[in-house]
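Convention: sequence-line order gives letters A, B, ...; per-chain numbering from 1.
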2 protein chains.
Amino acid sequence: MDEPRADADPDSPEGRGGAAAVMPAAPPGSGRAALDRRRIIGAAVEFIDAQGLAALTMRRLGAHLGVEAMALYRYVPSRENLLDGVVEAVIDELYGDPDVHLEPGHGWQDYLQRLAHGVRRIALAHPEVFPLVATRPPAAPWVRPPLRSLRWVESFLVALIDSGFNQEAAVSAYRAYSSFLLGHLLLEVSQKGVAVNAEDQPEGVEEAQEAADLSQYPTVVRLESLLSLDESAAEFEEALENLLERLEVVLREGRAPRRGDHRD
Amino acid sequence: MDEPRADADPDSPEGRGGAAAVMPAAPPGSGRAALDRRRIIGAAVEFIDAQGLAALTMRRLGAHLGVEAMALYRYVPSRENLLDGVVEAVIDELYGDPDVHLEPGHGWQDYLQRLAHGVRRIALAHPEVFPLVATRPPAAPWVRPPLRSLRWVESFLVALIDSGFNQEAAVSAYRAYSSFLLGHLLLEVSQKGVAVNAEDQPEGVEEAQEAADLSQYPTVVRLESLLSLDESAAEFEEALENLLERLEVVLREGRAPRRGDHRD
DNA sequence: ACCTGAACACCGTTCAAGT
DNA sequence: ACCTGAACACCGTTCAAGT
């Protein structure tokens, strides 16, 4: 089981700081680039995208980089720390997204829309990584998945407060926004995954479960085609619009809306 | 490292079917009960609750049950399958919750409230298991976490359709309800976990991260006390009320509400 | 019928040794 | 300075052997 030589891609993103002091055994640009933490984490993201999280071991990642597993420990203290780095790197991709920024004059709703769509693109680009983004314990309780970084929390709060939200409303909006993104996107990627997934199941794995007594669930059977539709994109838009609308009410009225407010 | 003998609890729930044919080496009721899949899965839930998911190995679970790891394989085909069983068992606790049922005459809102609170109780009772509930690939794409069982999907859809929802609206409500529960509860348990968690970190692990350049996040610093408040319970109620209100509009108008509907 | 001992292939991780 | 070989303690899992 030697590694497949399917890597003729010249996309290794170096060009940051000291440009590789000449190495005796592996001159730069000839194939194997120098090891560093960034490159290892990048390779781990690629690996998880391609093979799934369960397949990522230190030994296999080492082989993927043309090196023994032990060499990785000079740059990464443990596998757990590596996974933290993977989560951070994937979320950091958002910094480079030109569509995610506060457009002056377009208001906070526009910004929250851009941010939400940016996170969604990342979730869909790395479906095998997203469960990690969702479940790794955050550094502080108020750095919530999926945004997971002080920079985005800061940016979010500033945008709302500058738009007239009071502090309590801004914080509560941040919490509601996180919950919405996390719930929707985790379900969307898991739904996508289950369609293609399951390693190599020899026959219908649902048959066993379902065939047991599908007759007990007549409504599910009757609505199966409706249930099987993938309306993720539209539902994302609708739930996001609804959340923004709710926040608009909070902003106008200076408090959280109570049920039944808009009647009589 | 021998196992702690801290189990004097007589709560092993047997009494289901054939009542243990007498065994030569371990007579029933004298201490070690007979092994079976249900008991193994129950022990696994206990173990994860107490020690965390990462600590659960087949060998340690065997020791916890007074048996070698290899003995488990007669009842459980693999660790992965055991984890599936754990998720199923935890969700099945909902069947036994007397507060979770359709109260005749109280309407679908009351039922969805009871169901949501029942799921929340389970998530809070098993915070270490809930991430598993959230991320294990479902059997079918439309059996969504956290409800994960045909029985609850059936029950949910029937309640709404009997209340006058059309099929599309009922299915779309089921999806929105799942997203809400998953996002909110996953964040709530992870928030709870991070407060007590982190195995045995010798010193403030956030210090390292934060002290780096906290000055770049003045708003986060200024609002830290607000951000640190745990308003999970109130936010759960509010988001749930809001969702129900939204569904009420769908029911009354026979379609999904569009943004700006209730102005002029 | 049910459990165990021994074994296999594989982990994460450490560290002295090589270059 | 950077990587490797060998080793340690531990995995999940199989299976012939014990009782």
Quiz item: Does C:dA9 have a Watson-Crick or wobble partner in any strand here, with both distances under 3.5 angstrom, and which is it?
Solution: none
Quiz prompt | Salt-bridge contact B:Asp92-B:Arg151 (side-chain N to carboxylate O under 4.0 Å) | solution = no
Quiz item: Starting at CG of B:Asp36 and ending at P of C:dC2, how long is that distance when rounded to a whole Å?
Solution: 11 Å
Practice problem: May I ask which nucleotide in the shown strands pairs with C:dT19, Watson-Crick or G-U wobble, both distances under 3.5 Å? | Solution: D:dA1
Quiz item: Within the structure, does a side-chain N or O atom of B:Tyr75 lie under 4.0 Å from either OP1 or OP2 of C:dC3?
Solution: yes
Quiz item: Would you find a donor on one side and an acceptor on the other, under 3.5 Å apart, between the side chain of A:Glu154 and the backbone of B:Val220?
Solution: yes
Quiz item: Any side-chain heavy atom of A:Leu150 sitting closer than 4.5 Å to one from B:Asp213?
Solution: no
Quiz item: If the sugar-phosphate is the primed atoms plus P, OP1 and OP2 and the base is the rest, what is the B/S/- string for nucleotides 11-18 of chain C, using protein heavy atoms under 4.0 Å?
Solution: BBBB----
Quiz item: Who are the salt bridge (charged side-chain N to carboxylate O under 4.0 Å, His left out) partners of A:Arg175, not counting sequence neighbours?
Solution: B:Glu235
Practice problem: Output yes when a side-chain donor or acceptor of B:Tyr174 lies under 3.5 Å from a complementary backbone atom of B:Trp142, and no otherwise. | Solution: yes
Practice problem: Keeping the roles fixed (side chain from B:Arg148, backbone from B:Arg136), state whether a donor-acceptor pair exists under 3.5 Å. | Solution: yes
Quiz item: How long is the line joining CG of B:Leu72 and C1' of C:dT4, in whole Å?
Solution: 12 Å
Practice problem: Whole angstrom is fine here: how far is it from CD in B:Glu68 over to C1' in C:dA7? | Solution: 14 Å
